[in-house]
Amino acid sequence: MSPIARYGAPRADRPSTPAPARTEDGNDWTWGACWGWCERPWLRVLWVGTATIPGGQVADLYYCGSCVRRMCRSVQSHARPHTHLRVLDSGQEEAGK
């Protein structure tokens, strides 16, 4: 699945920044429970990624449209410059430039 299909179409005012996904936007929405803030049990939801907890258990995260928008606003308000990490020969990570 392409990043555009997963996260929404680029916005006209910032073509490189996808708009938050909305139902009926061509993304791969499904029916299920929202794992976001609303925790509603049955509505249209979109896969937003995976979560891993201690012990190695992994689960897919599905958010409804309003929780996707809330998550996007939260990320935008706490955004920081992206730092690339590279793995050194010793197995340690070093921040890239």
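Worth knowing before you read on, the calculation uses all heavy atoms, side chains too, and leaves out hydrogens, waters and symmetry mates. Given the structure is predicted, the values throughout are model-derived calculations rather than measurements.
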Would Arg44 and Cys64 count as a side chain to side chain contact (heavy atoms under 4.5 Å, CB included) here? Give the steps. CA-CA 6 Å; Arg44 298 284 304 269; Cys64 69; over 6 Å; no
Under a 4.5 Å cut-off applied to non-hydrogen side-chain atoms, are Ser66 and Met71 in contact? no
Shortest non-hydrogen contact between Trp35 and Leu61, atoms and distance: CE3-CD2, 3.3 Å
By side chain to side chain contact (heavy atoms under 4.5 Å, CB included), Thr30 pairs with (sequence neighbours left out) Val45, Tyr62
Nearest heavy-atom neighbours spanning Thr52 and Val58: OG1-CG2, 3.6 Å
Can you say whether the rings of Trp37 and Tyr63 are parallel (under 30°), tilted (30 to 60°) or perpendicular (over 60°)? perpendicular
Where is the tightest heavy-atom contact between Asp60 and Trp47, given as atom of each residue plus distance? OD1-NE1, 3.2 Å
Would you say Val68 and Val75 are hydrophobically clustered, going by side-chain heavy atoms of ILVMFWY under 4.5 Å? yes
